[in-house]
Amino acid sequence: MALLYPNSPCCSILSLIGVFMAAVASMAAAQLSSTFYDSSCPDVLTTIQTAVQDAVNQEARMGASLLRLHFHDCFVNGCDGSVLLDDTANFTGEKTAPPNNNSIRGFDVVDTIKSQVEALCPQVVSCADILAVAARDAVVALGGPSWTVQLGRRDATTASFSTASSDLPSPLLSLSGLISAFSNKGLSTTDMVALSGGHTIGQARCVSFRNRIYNENNINPSFATSTQANCPSVAGNGDDTLSPLDVQSPTIFDNFYFQGLVNQTGLLHSDQQLFNGGSTDSLVSTYSTDMAGFFNAFAAAMVNMGNISPLTGSNGEIRINCRTIN
Ligand code: HEM
Ligand SMILES: *[C@@H]1O[C@H](CO)[C@@H](O)[C@H](O)[C@H]1NC(C)=O
Ligand SMILES: *[C@@H]1O[C@H](CO)[C@@H](O)[C@H](O)[C@H]1NC(C)=O
Ligand SMILES: *[C@@H]1O[C@H](CO)[C@@H](O)[C@H](O)[C@H]1NC(C)=O
């Protein structure tokens, strides 16, 4: 397998669409509000927070998985719950697109939250908003920063396998490719670096970093050797074996991911691109020594990401079951 994800090549039309979508996103974002459910479902936030805390207590990695679900939702036609739709006999959604297949997880936790929220306030709270709140609560549960989540997103009645395949960034991207992938969604390079700090928690499969640990030079040699022990060099062997994205503290949301990049222990090619002699080196250095600075930037960037092209007003629907349209 030469290409990890068969991303379509970027072109200027795509960049223009990105700028256009960013403009649409900022217009629609004005319709989101932190008080959206205050009268229609006053207990929704504490209900989600308790369910996320329970899930993280059972398995710390679930916090990482929930954070990633919100990211993979927002980067594919906006934060609209599209990532949650199951494939059916006559519908192919996003779950089997290469960046997601055998990789994204947490759907059972989302189902549990959704059924609790439906019991509280039937057909009021969207699946897209549940993902946005759960992502924040997961970060807090693992020791990270908090922020006020903007609410009022509605759920898509469709999903896109092809956009999930093309718009979710591949771990093989260069720094300029990463900058473009985020700017196409209206996010700055600072947002991109801060959001990459989400890799301070969670795990990746051998298939996602094999080439890096065997063939790259900008890697700490003892880190390469120890990681190789869990990821055989021959493709097809141990592809699904996991390694932590932040080798120092994979279940704590801290700034050690950035310390790791300075130490050349970034697990993914894309991670180490952020500290490889390029324009983002200074930001990585800063975050590696300034945890509060990273936390502030991460919180702001999560709000920006959550504002990507939401469905509001009478667009979309409030799904009853996050896996299916009504
Ligand atoms: C900058 C571009 C990014 C790339 C190329 C990227 C790529 C990846 C890859 C390849 C994995 C491992 C998947 C696997 O092997 O199964 C992963 C995991 C993860 N990503 Fe990213 N990612 C990026 C940005 C983000 C962002 C913006 C967030 C959230 C703010 C995020 C959160 C996570 C988390 C938490 C995990 C671990 C999930 C788990 O353990 O279940 N990533 N990412
Ligand atoms: C898909 O099949 C289901 C029944 O299995 C049907 O209710 C639904 O309308 C079909 N959807 C489309 C888009 O054809
Ligand atoms: C998803 O993964 C399964 C199991 O590894 C595989 O059989 C299937 O072909 C993959 N789907 C796509 C669309 O790549
Ligand atoms: C740098 O990485 C090596 C190899 O993983 C590790 O032993 C060492 O503790 C790391 N140092 C710092 C300062 O992170």
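None of the values given here were measured: they were computed from a predicted structure. Both ligands and their constituent atoms are indexed starting at 1 by order of listing. Excluded from the calculations below are hydrogen atoms, water molecules and symmetry mates; all remaining heavy atoms, backbone and side chain alike, are included.
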Residue part near ligand 1, for [X], under 4.0 Å between non-hydrogen atoms:
X    : answer
L268 : side chain
M305 : neither
S208 : side chain
V207 : neither
L173 : neither

Which of the atoms of ligand 1 are close to [X], meaning less than 4.0 Å from one of its heavy atoms?
X    : value
R61  : 39 (C), 40 (O), 41 (O)
P169 : 2 (C), 3 (C), 4 (C), 5 (C)
S196 : 1 (C)
G198 : 35 (C)
G202 : 37 (C), 40 (O)

Who gets closest to [atom] by heavy atom: [options]?
atom                    : options                : value
atom 31 (C) of ligand 1 : R205, H199, H269       : H199
atom 27 (C) of ligand 1 : T241, D246, N101, L195 : L195
atom 8 (C) of ligand 3  : D240, N101, T96        : N101
atom 10 (C) of ligand 1 : A194, P99, S243, P171  : P171
atom 37 (C) of ligand 1 : Q203, R105, M62        : Q203

Test of understanding: clusters of I, L, V, M, F, W, Y form through side-chain heavy atoms closer than 4.5 Å, transitively. Do V52 and F107 belong to the same one?
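Looking at the clustering, F107 is in the same group as V52.
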Do F256 and F295 belong together in a cluster built from hydrophobic side chains that touch within less than 4.5 Å?
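No, no single cluster joins them.
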Is F209 near ligand 1, meaning one of its heavy atoms is under 4.0 Å from it?
no
Polar-atom distance check: S270 versus ligand 1, any N or O pair below 3.5 Å?
no
Side-chain donor-acceptor pair present, S249, D254, cut-off under 3.5 Å
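D254 and S249 do have a side-chain donor-acceptor pair below 3.5 Å.
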Kindly indicate, with the supporting measurements, whether the criterion side chain to side chain donor-acceptor pair (under 3.5 Å) is fulfilled by T189 and D191.
CA-CA 5 Å; T189 299; D191 288 334; over 6 Å; no
Would you check if the distance from the ring center of F253 to the ring center of F298 is below 6.0 Å?
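When the ring centroids of F253 and F298 are compared, they turn out to be within the sub-6.0 Å range.
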Given the side-chain rings of F182 and F75, with only the six-membered ring counted for Trp, is the space between their centroids under 6.0 Å?
yes
So, are D86 and K95 salt-bridged, with charged N and O less than 4.0 Å apart?
yes
If the condition is side-chain hydrogen bond (donor to acceptor under 3.5 Å, both in side chains), which residues does D111 pass it with, not counting sequence neighbours?
R323
Where is the tightest heavy-atom contact between A51 and I113, given as atom of each residue plus distance?
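Taking every non-hydrogen atom into account, CB-CG1, 3.6 Å.
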Apply the test side chain to side chain contact (heavy atoms under 4.5 Å, CB included) to residues L175 and L274: give CA-CA distance (whole Å), side-chain angles for both, the deciding distance (0.1 Å), then the verdict.
CA-CA 6 Å; L175 177 59; L274 304 180; 4.0 Å; yes
Please check atom 14 (O) of ligand 3 for a protein heavy-atom neighbour under 4.0 Å.
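Within 4.0 Å: yes, protein heavy atom nearby.
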Write out the residue and atom name of the closest protein heavy atom to atom 5 (O) of ligand 3, then the distance separating them to 0.1 Å.
N102 ND2, 3.1 Å
